[in-house]
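Down below is the structure, laid out as structure tokens.
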Amino acid sequence: MLTLHDTATGDVAPLRLRTPGRVSLYVCGPTVDGVPHLGHGRMSLVFDVLRRYLLFTGLDVTYVSNVTDIEDKIIDRAAAQGIDIAEFTATNEALWWEIMDALGVLRPDETPHATAYVDRMIDLVADLVGRGVAYETSDGVYLSVMDVPGYGLLARQPLDSLRAGARVEADEEKRSPLDFVLWKKAKTGEPSWEAPWGAGRPGWHTECVVMSLDLLGEGFELHGGGIDLMFPHHENERAQAVATGREFARHWMHNGWVTMDGEKMSKSLGNFTSLADLLARNDARAYRLLVLRSHYRSPIEVTPDTIADAESGLARLDEVGRRFDLPDLLASGPVVDPGAAGDGSGPAAQPADVDAEAVARFRARMDDDLDTPGALATVFDLVRQANAAADAGDEPGSRRAAATVALLCAALGLRFRSDEGSEVDEASAELVRLRDEARAAKDWARADALRGELESAGWSVEDGPTGTRIRRQ
RNA sequence: GGCGGCGUGGCCGAGUGGUUUAGGCAGGGGCCUGCAAAGCCCCGUACGGCGGUUCGAUUCCGCCCGCCGCCUCCA
């Protein structure tokens, strides 16, 4: 069974399922106020890997991730560009999904939008006001955090400590500087919805409580997101659920930063690289591999060097894919461990063509708080085994190791490069023919010249027992 | 001020109280090859500093140094 670090307790603990065999995840998605950057990519990849792994172990997974499509920066930027808010958010959201697809991130089962849940958010705010834990001021409605038991759980600090360090500017009307806005009263010209406290829009922290509880129900298994959401966003979501007496997420998971020169990458610092830029320069799979190579809670440094490093590793996997003509197991969706017991409790017997012991090692690493670096070590061990066995003429052994590589890569959402784009044009095929002739005639000078021509045309040249083989570099 | 994380061999990056190594990339040597490429084999003997506990610590404890983060919007 999978264990995960729980932000609420600081411990690594098994996921506690409401219903055996089923698990529900809510992951905070993007605010569509601009282009997605590497940080969004890491978050999406980390949770995509988690989701795929849960599926791999035979669990029935429901994955919900929201889109925040109403928010201050959205309003400002749409206005600055002189376009309609709905058009602005639709454009950004389309880009988001395009990039997620390119990264091989599975679409969520549900993608609730904040603007579609305003009525229910108003209901929640009214409920909180009715319970006396929320109050109205001249500019909005606020939740009184002092009235929420256990506030500070996710920040892992007591309320007093948080209050002492509060950097928010004083607001005379707020009971505590930590009180956060549930409903923002609209200023002229701002988009708004009618509510008992006047026209306005919901505060950011309210949408996720409403949408997660609505779509997944009370006590859903896991709530996740980037570590920057731990406090105050997730703290405040939880506070609202607690204040209304509802059981919220059972488990909290947060992934670490992407850093640039050691500093966190973020919209506010402006030091971000967009995913579109990354994908224009690098194989999308390289970013997945880069993310998998470090633990999800550690910061990762993304530089041209670390990405190039990942691409080299990818080439090694691709070579195995080619050498053993491995199938693209992801072509028909996420893969399930053929030996999975069905309730995620552990591996059962594997088919004879898979190395069951290696799969068990892989799963043991993954079950230990998603130790993807350890899991990858298993995969690369198998790569070496497959090649070594093939070199030694052990056909069944090499096939088995290679098939296991394919299975485990698929479990992680890593696909082997297809040979698309590698069709050999007539001119290049002719060069290959000439080169084979030259080699047969032991005309090495000519053979080397032809290799040079092919290489400068972007081909990688390999001589094998059956003659020259070329592929795209 | 409060709270938290990290410091591993050239680079990235796991892990562990002691018996043989994580793994990847780069590098060196070898096999293979006409030469290469790919692949395989071998190699580096690393755990910030100072103390402590211990038969023994990179792994536990304390202190120190350095880096980073959270307490405001942020994946």
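Side-chain atoms are counted along with the backbone in the values below, which use heavy atoms only and exclude waters and symmetry mates.
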Please report the distance, rounded to the nearest Å, between CG in Leu103(A) and C1' in A75(B). 13 Å
With sequence neighbours left out, what residues match Trp252(A) under ring pair (Phe, Tyr, Trp, His ring centres under 6.0 Å)? His223(A), His234(A), Phe248(A)
Nucleic acid footprint by protein, nucleotides 19-33 of chain B - heavy-atom cut-off 4.0 Å, B for base, S for sugar-phosphate alone: ---BSBB--------
Note: for Tyr296(A) and Asp448(A) on RNA chain B, the residue whose nearest nucleotide lies more 5' is Tyr296(A)
Please report the distance separating the C1' of C50(B) from the corresponding atom of U45(B), rounded so that it comes out in whole Å. 24 Å
Check side chain to side chain donor-acceptor pair (under 3.5 Å) between Thr466(A) and all other residues, then give those that pass, not counting sequence neighbours. none
Quote, to the nearest angstrom, the P distance that separates G2(B) from C11(B). 35 Å
OP1, OP2 of A75(B) versus side-chain N and O of Asn255(A): anything below 4.0 Å? no
Classify the nucleic acid contact of Gly41(A) as base, sugar-phosphate or nothing, counting any heavy atom under 4.0 Å across all strands shown. nothing
What's Arg435(A) touching, base or sugar-phosphate or nothing? Going by heavy atoms closer than 4.0 Å. base
Of all residues at least two apart in sequence or in a different chain, which pass the salt bridge (charged side-chain N to carboxylate O under 4.0 Å, His left out) check with Asp394(A)? none
All ring pair (Phe, Tyr, Trp, His ring centres under 6.0 Å) counterparts of His113(A), not counting sequence neighbours: none
Go through the structure and list residues passing ring pair (Phe, Tyr, Trp, His ring centres under 6.0 Å) with Phe180(A), not counting sequence neighbours. His205(A)
Closest to the 5' end of RNA chain B, once Ile300(A) and Ala155(A) are matched to their nearest nucleotides, is Ala155(A)
Leu38(A) and side chain to side chain contact (heavy atoms under 4.5 Å, CB included): which single residue from Trp257(A), Phe272(A), Tyr287(A) fits? Tyr287(A)
What's the gap between G27(B) and G34(B) when it is taken at their P atoms, as a whole Å value? 24 Å
For residues 70-78 of chain A, dump all side-chain donor-acceptor pairs below 3.5 Å to protein atoms at least two apart in sequence or in another chain.
| residue | atom | partner | partner atom | Å |
| --- | --- | --- | --- | --- |
| Glu71(A) | OE1 | Lys73(A) | N | 2.9 |
| Glu71(A) | OE1 | Ile74(A) | N | 3.3 |
| Asp72(A) | OD1 | Lys184(A) | NZ | 3.2 |
| Asp72(A) | OD1 | Arg201(A) | NE | 3.4 |
| Asp72(A) | OD1 | Arg201(A) | NH2 | 2.5 |
| Asp72(A) | OD2 | Lys184(A) | NZ | 2.8 |
| Arg77(A) | NH1 | Asp33(A) | O | 2.8 |

Write down the distance between NE2 (His40(A)) and C1' (A75(B)), rounded to a whole number of angstrom. 5 Å
Can you sort out the partners of Asp391(A) under salt bridge (charged side-chain N to carboxylate O under 4.0 Å, His left out), two or more places apart, ordered by chain and number? Arg323(A)
Check every strand shown and say whether Ala388(A) touches a base, only sugar-phosphate, or nothing at a heavy-atom separation below 4.0 Å. sugar-phosphate
Scan Val27(A) against the nucleic acid and name what it touches under 4.0 Å (heavy atoms): base, sugar-phosphate only, or nothing. nothing
P atom, C47(B) versus A22(B): distance in rounded Å? 13 Å
Contact class for Arg42(A) vs. all strands (heavy atom < 4.0 Å): base, sugar-phosphate, or nothing? nothing
Test salt bridge (charged side-chain N to carboxylate O under 4.0 Å, His left out) applied to Lys187(A) and Asp139(A), step by step: CA-CA 9 Å; Lys187(A) 302 192 185 83; Asp139(A) 67 350; over 6 Å; no
Grab the CG-P distance between Asp318(A) and G39(B) for me, whole Å please. 11 Å
Base of G15(B), side chain of Asp371(A) - is there a donor-acceptor contact under 3.5 Å? no
When you measure from the side chain of Arg288(A) to the backbone N and O of Leu103(A), does any donor-acceptor pair fall under 3.5 Å? yes
Whether the side chain of Thr306(A) engages the backbone of Glu301(A) through a donor-acceptor N/O pair (distance < 3.5 Å, no angle test) should be reported. yes
For Gly464(A), is there any backbone N or O sitting under 3.5 Å from a side-chain donor or acceptor partner on Thr468(A)? no
Might you list the N or O atoms of the protein lying below 3.5 Å from N or O atoms in nucleotides 5-7 of chain B, with each pair's distance?
none

With rounding to the closest Å, how many angstrom separate the C1' atoms on U54(B) and C60(B)? 10 Å
Value in whole Å for how far the P atom of A37(B) lies from CG of Leu450(A): 19 Å
Can you tell me, in whole Å, how much space there is between the P of A26(B) and that of G39(B)? 9 Å
Partners meeting side chain to side chain donor-acceptor pair (under 3.5 Å) with Ser398(A) (sequence neighbours left out): none
Would you kindly give the CZ-to-C1' distance between Phe180(A) and C73(B), to the nearest whole Å? 15 Å
When the C1' atoms of A38(B) and C32(B) are considered, how many whole Å apart are they? 11 Å
With rounding to whole Å, what would you report as the distance between U58(B) and U8(B) at their P atoms? 15 Å
Go through the steps for Arg399(A) and Asp325(A) under the test salt bridge (charged side-chain N to carboxylate O under 4.0 Å, His left out), then give the verdict. CA-CA 10 Å; Arg399(A) 281 233 58 91; Asp325(A) 194 24; over 6 Å; no
Both atom distances under 3.5 Å, Watson-Crick or G-U wobble: I'd like the secondary structure of RNA chain B as a dot-bracket string, with | for pairs made across strands. (((((((..(((.....[....))).(((((.......)))))....(((((..]....))))))))))))....
Pairs under 3.5 angstrom, nitrogen or oxygen only, protein versus nucleotides 67-71 of chain B, please.
| residue | atom | partner | partner atom | Å |
| --- | --- | --- | --- | --- |
| C70(B) | OP1 | Lys264(A) | NZ | 2.3 |
| C71(B) | OP2 | Arg167(A) | NH2 | 2.7 |
| C71(B) | O2' | Leu162(A) | O | 3.2 |

Rounded to whole Å, please give me the gap between CZ in Arg322(A) and C1' in A38(B). 9 Å
For the residue pair Glu455(A) / Ser460(A), report whether a side-chain donor-acceptor contact shorter than 3.5 Å exists. no
With distance as the sole criterion, do the side chain of Arg451(A) and the base of A36(B) form a donor-acceptor contact below 3.5 Å? yes
Whole angstrom is fine here: how far is it from CG in Asp369(A) over to P in G15(B)? 9 Å
Stepwise side chain to side chain donor-acceptor pair (under 3.5 Å) check, Tyr151(A) with Asn236(A): CA-CA 8 Å; Tyr151(A) 191 83; Asn236(A) 290 346; 2.4 Å; yes
Within the 4.0 Å heavy-atom criterion, would you say His295(A) contacts the bases, only the backbone, or no part of the nucleic acid? sugar-phosphate
